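Here is the structure we will look at, set down as structure tokens.
Remember, predicted model here, so these are calculated numbers, not experimental data. Positions are given from 1, in the same order as the sequence printed here. Start at 1 and go down the list; that is how both ligands and their atoms are numbered.
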Amino acid sequence: MRALITGGAGFIGSHLAEALLERGDHVTVVDDLSTGRFENVEHLTANPRFQAVVETIMNETVMDRLVSECDILYHLAAAVGVELIVKSPVHTIETNVMGTEIVLRTARRYRKKVLIASTSEIYGKSEDTPYKEDDDRLLGPTTRSRWSYSASKALDEFLALAYNKEMGLPVVIFRLFNTIGPRQRGRYGMVVPRFVKQALAGEPITVYGDGKQSRCFCNVRDAVRAIDGLAESPGAEGGVFNIGSTDEINILDLARRVKDKTGSPSPIVLVPYEQATAPGFEDMRRRMPDVSKIRRTIGWGPTISLDQTLDEIIAYFGESGLSADTITQLAMPGAVVVR
Ligand code: UDP
């Protein structure tokens with residue numbers, strides 16, 4: 001198979017590229033390196049079945065050629081990370097909506113199968129967890145820019161499903177829940193790399209709010225196995241699937257776990273949201289996927305524990321150093337140290 005991965009130099013895209021190369025596919029990644037990094041795929045460049053194209057997916061001429069040359073398309077390019085989304089809402093909306101339009105249009109031109117990456121943000125702040133693919137969505141107002149991400153990805157989903165229904169384009173949509181692993185950076189939010197970097201640097205570990213908000217963290221290799229399984233399954237076409245872990249942890253306990261594992265002297269501090277986040281930010285108390293649909297369809301379930309994943313991430317930052325991606329230090333007038 002010749003695979004094209006948009007956003008292939010990003011955190012998840014680079015792991016997917018690696019997995020597809022390992023099983024013998026030809027892989028082209030296209031990435032504008034806005035949040036992706038060439039270092040993520042540098043080790044793949046020696047492989048003759050790999051090529052990287054530094055270009056935006058908004059360049060329809062280039063996309064046309066790349067799509068014409070592939071057998072299957074994995075569309076992962078997007079503006080992601082709550083900090084980036086709140087800071088750059090125009091970029092978020094344009095990349096996520098117009099980029100996907102171009103991807104689907106070119107895929108249709110050459111009748112190529114497309115896997116579209118979506119997100120658990122789709123469910124918004126609904127408290128009806130675990131989330132099932134057909135559940136109602138609950139979004140905040142348009143004046144809070146976080147919700148533009150959810151709305152932009154929902155539009156991507158509508159469009160992809162419409163291409164499938166109206167034109168018979170083979171599409172599969174997968175909604176990634178909090179996915180973590182080596183190569184993820186803390187620059188745009190993402191709690192786990194931030195905590196690990198803070199702990200390794202001996203800086204305060206910054207837990208927002210009361211730390212009782214919870215998430216389920218899925219190892220990127222488990223997520224990649226799910227994406228690959230969906231790509232292989234004809235029964236998945238036209239469907240929407242959650243991909244995530246169901247092992248829940250609250251953010252304060254996560255901070256404690258990272259502190260223990262790194263043996264760090266860092267204090268854990270509770271930072272009020274007003275200090276920590278830009279205006280327009282709203283957090284979710286709880287987020288958990290129902291993964292019964294993907295389990296039924298391709299027999300997938302997560303297998304790698306949070307402990308093992310944290311060990312991998314700690315080792316990654318230990319090896320790659322902490323300097324490449326500095327986390328903005330917070331002014332923390334209202335912060336409280338937790339014992
Ligand atoms: N968070 C935190 N400290 C940080 C970064 C994030 O306490 O330095 C919290 C954030 O408020 C959220 C959770 O960690 O409740 C997960 O944040 P992330 O941005 O990783 O993913 P989200 O689930 O919000 O998309």
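The T206 neighbourhood of ligand 1 comprises atoms 2 (C), 3 (N), 4 (C), 7 (O), 8 (O), with distances under 4.0 Å to a heavy atom of that residue. Taking a cut-off of under 4.0 Å to the non-hydrogen atoms of V207, the atoms of ligand 1 that pass are 7 (O). Atoms of ligand 1 found under 4.0 Å from any heavy atom of E121, numbered from 1 in the order shown, are 25 (O).
With a heavy-atom cut-off of 4.0 Å, D283 touches ligand 1 through its side chain alone. The part of R146 lying near ligand 1 is the side chain, judged by heavy-atom distances below 4.0 Å. Contacts of I251 with ligand 1, taken as heavy-atom pairs under 4.0 Å, involve the side chain alone. Only the side chain of N178 comes within contact range of ligand 1, with a heavy atom under 4.0 Å; no backbone atom does.
Between R215 and D283 there is a salt bridge, since at least one side-chain N of the basic residue sits less than 4.0 Å from a carboxylate O of the acidic one. A salt bridge links R23 with D228; the closest basic N to acidic carboxylate O contact falls under 4.0 Å.
Applying side-chain contact (heavy atoms from CB on, under 4.5 Å) to P130 and the options D290, N242, T246 leaves one that passes, D290.
Heavy-atom proximity to atom 17 (O) of ligand 1, evaluated over D210, L252, V191, is greatest for V191. Among Y208, Y149, Y273, F195, the residue whose heavy atom lies closest to atom 7 (O) of ligand 1 is Y208. Residue R287 holds the heavy atom nearest to atom 25 (O) of ligand 1 of all those in K197, Q213, R287, R215.
Taking the six-membered ring for Trp and the full ring otherwise, F241 and F174 have centroids separated by 6.0 Å or more.
Listed for the R225 side chain is a donor-acceptor partner under 3.5 Å among the backbone atoms of G301.
In this structure, R256 forms no cation-pi arrangement with F195, as its terminal cationic atom is not both closer than 6.0 Å to the ring centre and no more than 45° off the ring axis.
Taking a 4.0 Å cut-off on heavy atoms, Q198 fails to register as neighbouring ligand 1.
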